[in-house]
> 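Following this message is one structure expressed as structure tokens.
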Amino acid sequence: MSGNGADDGESRNDDRPVDGVSLSLDATFELLAHADRRVILRYLRDAPGKAATRDELADHLASERAERPGERPDRDRVLSTLHHVHVPKLVDAGVADYDARSEEIRYWGSDRLEEWHDRVRNREGT
């Protein structure tokens, strides 16, 4: 994975703005475009310390997918997609960091992302 601390495992808490990351509207919609990323964001927003391990996220995501009609989630595939697609998108956008040593994803927050995420959640009824 690339981005903020992914290679060296260092946390960058001191680099984060107090009010979260500022995202463009296009970047916000890109992050919210995939149902799995919306599930990941919801999980991280509600998690203690806004952080979770890669395995915790994979288990939660597989469980959520199992509830969708016609889905038969394969945990290994979920883990791979999480590792190679969804987490890198969050890291590249600057709203999360990934620590390779602990395999922990930490969500930093974005007012715009959270506002639109809440709107989508309300519309979807989740």
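Hydrogens, waters and symmetry mates play no part in the numbers below; they use all other heavy atoms, side chains included. This one's a predicted model, so the numbers in the text were calculated from it and none came from an experiment.
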> Under the side-chain contact (heavy atoms from CB on, under 4.5 Å) criterion, do K50 and W108 qualify, and how do the steps go?
CA-CA 7 Å; K50 295 189 177 199; W108 294 111; over 6 Å; no

> Out of curiosity, R112 CZ to S24 OG, how far, rounded to the nearest 0.5 Å?
7.0 Å

> Does the pair H86 and D36 meet the rule for a side-chain contact (heavy atoms from CB on, under 4.5 Å), with working shown?
CA-CA 8 Å; H86 300 308; D36 287 349; 3.6 Å; yes

> Do L41 and F29 sit in the same hydrophobic cluster, where Ile, Leu, Val, Met, Phe, Trp and Tyr count as joined when their side-chain heavy atoms come under 4.5 Å apart?
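Yes, same cluster.
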
> For a quick test of reading the model, state the closest non-hydrogen atom pair linking A93 to L31 and the distance between them.
CB-CD1, 3.7 Å

> Identify the two heavy atoms, one from L32 and one from R38, that lie closest to each other, and give their separation to 0.1 Å.
O-NH1, 2.6 Å

> What residue among I105, V87, L61 forms side-chain contact (heavy atoms from CB on, under 4.5 Å) with I40?
L61

> Is V39 close to E64 at the side-chain level, that is, under 4.5 Å between some pair of heavy atoms?
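Yes - at least one pair of side-chain heavy atoms lies under 4.5 Å apart.
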
> Over all heavy atoms of both residues, which pair between V78 and A62 is shortest? Give the atoms and the distance, please.
CG1-N, 4.1 Å

> What are the two closest heavy atoms between A52 and Y43, and how far apart are they?
CB-CE2, 3.5 Å

> What pair of heavy atoms forms the shortest contact from S102 to D99, and how long is it?
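In this case the closest contact between S102 and D99 is N-OD1, 3.1 Å.
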
> Does D55 come within less than 4.0 Å of R75, counting only side-chain N to carboxylate O?
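Answer for the salt bridge query: yes.
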
> Which distance, rounded to the nearest 0.5 Å, do you find between the CG of L79 and the CG of L57?
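Result: 10.0 Å between the selected atoms.
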
> Roughly how far, to the nearest 0.5 Å, is the NE2 atom of H84 from the OG1 atom of T81?
8.5 Å

> State, yes or no, whether a side-chain contact exists between R45 and Y107 at a heavy-atom distance under 4.5 Å.
yes

> Does a sphere of radius 6.0 Å around CZ in R119 hold more than 12 heavy atoms from other residues, nucleotides or ligands, not counting ones at 6.0 Å or beyond?
yes

> Quick check for you: to the nearest 0.5 Å, what is the distance between L82 atom CG and R37 atom CZ?
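Atom-to-atom, L82:CG and R37:CZ are 11.0 Å apart.
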
> Of the non-hydrogen atoms in R106 and A51, which two are nearest, and what is the gap between them?
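Scanning both residues completely, I find the closest heavy atoms to be NH1-CB, 3.7 Å.
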
> Pairing donors with acceptors under 3.5 angstrom, does anything connect the side chains of H83 and R54?
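Per modelled atom types, H83 and R54 side chains form a pair under 3.5 Å.
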
> To the closest 0.5 Å, what do you measure between CD (E104) and CG (D97)?
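One finds 10.0 Å between CD of E104 and CG of D97.
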
> Verify, without hydrogens or angle tests, whether E56 (side chain) and T53 (backbone) share a donor-acceptor contact under 3.5 angstrom.
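Yes, E56 side chain to T53 backbone: donor-acceptor pair under 3.5 Å.
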
